[in-house]
Amino acid sequence: MPLRNVEWKIAFYDTRPYDCDAFTEANKEFFYNIDFFDFHLTEKTALTAKGYDVVCAFVNDTINEAVIKKLSECGVKLIALRCAGYNNVDLKAAELAGIKVVRVPAYSPNSVAEHALALLLSLTRRVPQAYLRTKTGNFTLNGLTGRDLHGLTAGILGTGRIGKIMAEILAGIGMNVEVYDIYPDMAWAEQHNFKYVQLTQLFTDSDVLSLHCPLTEDTKYIVNAQSLQLMKHDAVIINTGRGALIDTTALIHSLKKQTIGGAALDVYEEENKYFFDDWSINVIRDDVLARLLTFPNVIITAHQSFLTTNALKAIAETTLSNIRSFYDGPELNNEVRNADNA
């Protein structure tokens with residue numbers, strides 16, 4: 001019989017209907033008291049956590065030192081991230097405040113890799129333009145010429161779970177695969193006949209560059225003006241990792257000069273103000289994002305690569321299990337410590 005945790009209260013921030021549905025279903029096994037808020041966790045909203053034992057946050061919530069101080073004053077004992085990334089959390093401040101942090105290190109790597117593939121095919125076969133044409137009765141093909149991926153070189157930057165799946169998918173459609181990771185898995189690469197190369201060679205060789213590495217001090221702006229100059233003029237970049245892996249200003253410069261073939265992005269460095277909200281009747285004041293949206297060879301989706309029923313179920317179950325492990329002790333599942341950012 002599941003242990004009833006009716007006395008534990010959890011405040012969920014930045015939630016959408018699909019979050020509510022997934023967590024409400026998963027909570028049938030846990031019986032937590034959950035309140036869903038559709039606004040972000042920020043310095044202005046942190047005091048709404050008063051009376052809650054746990055806050056559950058997402059990628060675009062702000063969990064800096066000031067927010068953590070307020071959460072501590074509110075009596076919060078645990079920050080449960082329902083995502084893999086934790087670069088938005090000040091782990092040192094959380095440690096000093098005595099607040100534990102947990103995350104979902106993996107939910108459905110297939111969902112992200114498959115979305116990356118969908119972006120790649122949509123970009124190289126002009127699917128959005130074709131769709132918009134036929135919706136208006138325009139069945140001409142001028143300007144829709146695509147490119148075979150078979151026989152081209154795919155560069156996979158980061159060979160964690162998602163990067164490995166993406167590499168295997170692209171190999172399955174006949175692409176030559178080169179990979180880069182600071183922690184190479186040589187046995188896996190040998191098994192699939194993939195080649196680990198130096199970073200500069202990855203940029204030089206790739207017809208398709210797909211980003212799957214975490215955001216760290218070393219990987220921030222790993223795609224920059226210098227690395228873009230190494231790339232082929234018709235190469236395309238796919239980013240379903242973190243927005244700040246790309247220096248977007250440098251990318252725009254390359255797109256304007258037509259020294260890069262295009263980009264498909266599911267993430268953007270300054271996405272937290274815009275993604276997951278409806279701005280269709282408002283002015284987008286972010287000039288960089290607005291400029292990106294004007295390019296015909298750029299596709300942007302709003303951080304939806306995780307959004308499958310499989311992934312949502314896994315995220316909900318893992319998040320609530322993490323909270324249960326904190327409740328039961330002494331082991332804490334999927335804890336993120338300050339040393340992890342060292």
Side-chain angles (χ1 to χ4, degrees), residues 9-16 19 23 34-50 52-107 112 158 160 162 213-221 240-245 267-273 275-276 303 305-306 311 314-316 318-327 331-342:
K9 297 185 67 178
I10 309 171
F12 276 69
Y13 291 89
D14 191 22
T15 56
R16 300 295 182 265
D19 296 308
F23 276 92
I34 293 177
D35 287 321
F36 296 106
F37 301 135
D38 61 4
F39 50 84
H40 290 287
L41 176 59
T42 66
E43 292 181 38
K44 293 182 178 179
T45 65
L47 291 180
T48 60
K50 188 172 182 59
Y52 291 92
D53 304 283
V54 182
V55 296
C56 184
F58 197 46
V59 292
N60 290 329
D61 289 311
T62 301
I63 316 175
N64 57 22
E65 183 179 6
V67 169
I68 288 170
K69 183 176 184 295
K70 291 182 179 180
L71 294 180
S72 179
E73 292 170 354
C74 289
V76 170
K77 306 174 184 67
L78 178 69
I79 297 170
L81 301 171
R82 57 183 190 277
C83 52
Y86 51 87
N87 53 286
N88 58 327
V89 183
D90 187 329
L91 294 177
K92 181 178 180 180
E95 181 180 53
L96 292 174
I99 297 177
K100 298 290 188 179
V101 181
V102 292
R103 66 178 181 128
V104 182
Y107 32 93
V112 180
I162 298 169
C213 55
L215 178 61
T216 66
E217 288 299 318
D218 291 330
T219 62
K220 184 175 182 179
Y221 295 160
T240 54
R242 291 289 180 267
L245 295 175
V267 287
Y268 170 62
E269 184 177 5
E270 303 296 334
E271 69 180 52
N272 61 323
K273 181 175 181 180
F275 282 19
F276 308 112
H303 208 132
S305 62
F306 77 98
I315 289 169
T318 302
T319 301
L320 297 182
S321 293
N322 289 344
I323 296 169
R324 166 62 61 79
S325 75
F326 181 76
Y327 180 86
E331 295 295 324
L332 183 55
N333 293 344
N334 300 313
E335 183 179 4
V336 186
R337 298 180 177 88
N338 182 33
D340 296 331
N341 265 1

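All figures in this text were calculated on a predicted structure; none of them were measured in a lab. Note: hydrogens, waters and symmetry copies are ignored here, and every other heavy atom, side chains too, is used. Here, residue 1 is the first one in the sequence, and each next residue gets the next number.
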Rounded to the nearest 0.5 Å, what separation is found between the [atom1] atom of [X] and the [atom2] atom of [Y]?
| X | Y | atom1 | atom2 | value |
| --- | --- | --- | --- | --- |
| C83 | D61 | SG | CG | 8.5 Å |
| L215 | K220 | CG | NZ | 7.5 Å |
| I34 | T15 | CD1 | OG1 | 10.5 Å |
| N60 | N88 | CG | CG | 7.5 Å |
| T216 | N87 | OG1 | CG | 10.0 Å |
| I79 | F326 | CD1 | CZ | 10.5 Å |

Test item: [X] and [Y] side chains (from C-beta on) under 4.5 Å apart, heavy atoms:
| X | Y | value |
| --- | --- | --- |
| N64 | E43 | yes |
| F39 | Y13 | yes |
| I63 | L81 | yes |
| F275 | V59 | no |
| R82 | D19 | yes |
| V336 | V89 | no |
| F23 | I315 | yes |

What is the minimum heavy-atom distance between [X] and [Y], and which atoms define it?
| X | Y | result |
| --- | --- | --- |
| K92 | N338 | N-OD1, 3.4 Å |
| Y52 | A11 | CD2-N, 3.5 Å |
| V76 | A49 | CG2-CB, 3.9 Å |
| T219 | P214 | OG1-O, 2.7 Å |
| I68 | D90 | CD1-O, 3.2 Å |
| K70 | A46 | CB-CB, 3.8 Å |

Y86 vs V101, side-chain contact (heavy atoms from CB on, under 4.5 Å): CA-CA, chis, key distance, verdict: CA-CA 9 Å; Y86 51 87; V101 181; 5.5 Å; no
Donor-acceptor contact present, side-chain N322 to main-chain R103, <3.5 Å: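 Judged by distance alone, yes, a pair lies under 3.5 Å.
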Any donor-acceptor N/O pair, T45 side chain to T42 backbone, under 3.5 Å: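 It does hold such a pair.
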Short N-O contact, K69 and E73, less than 4.0 angstrom: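 The answer is yes: the pair qualifies as a salt bridge.
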Given N333, L320, L78, N334, the one that forms side chain to side chain contact (heavy atoms under 4.5 Å, CB included) with S325: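 Looking at N333, L320, L78, N334, the match for S325 under the side chain to side chain contact (heavy atoms under 4.5 Å, CB included) is N333.
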Parallel, tilted or perpendicular: rings of F276 and F306 (30°, 60°):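 Rings of F306 and F276: perpendicular, over 60°.
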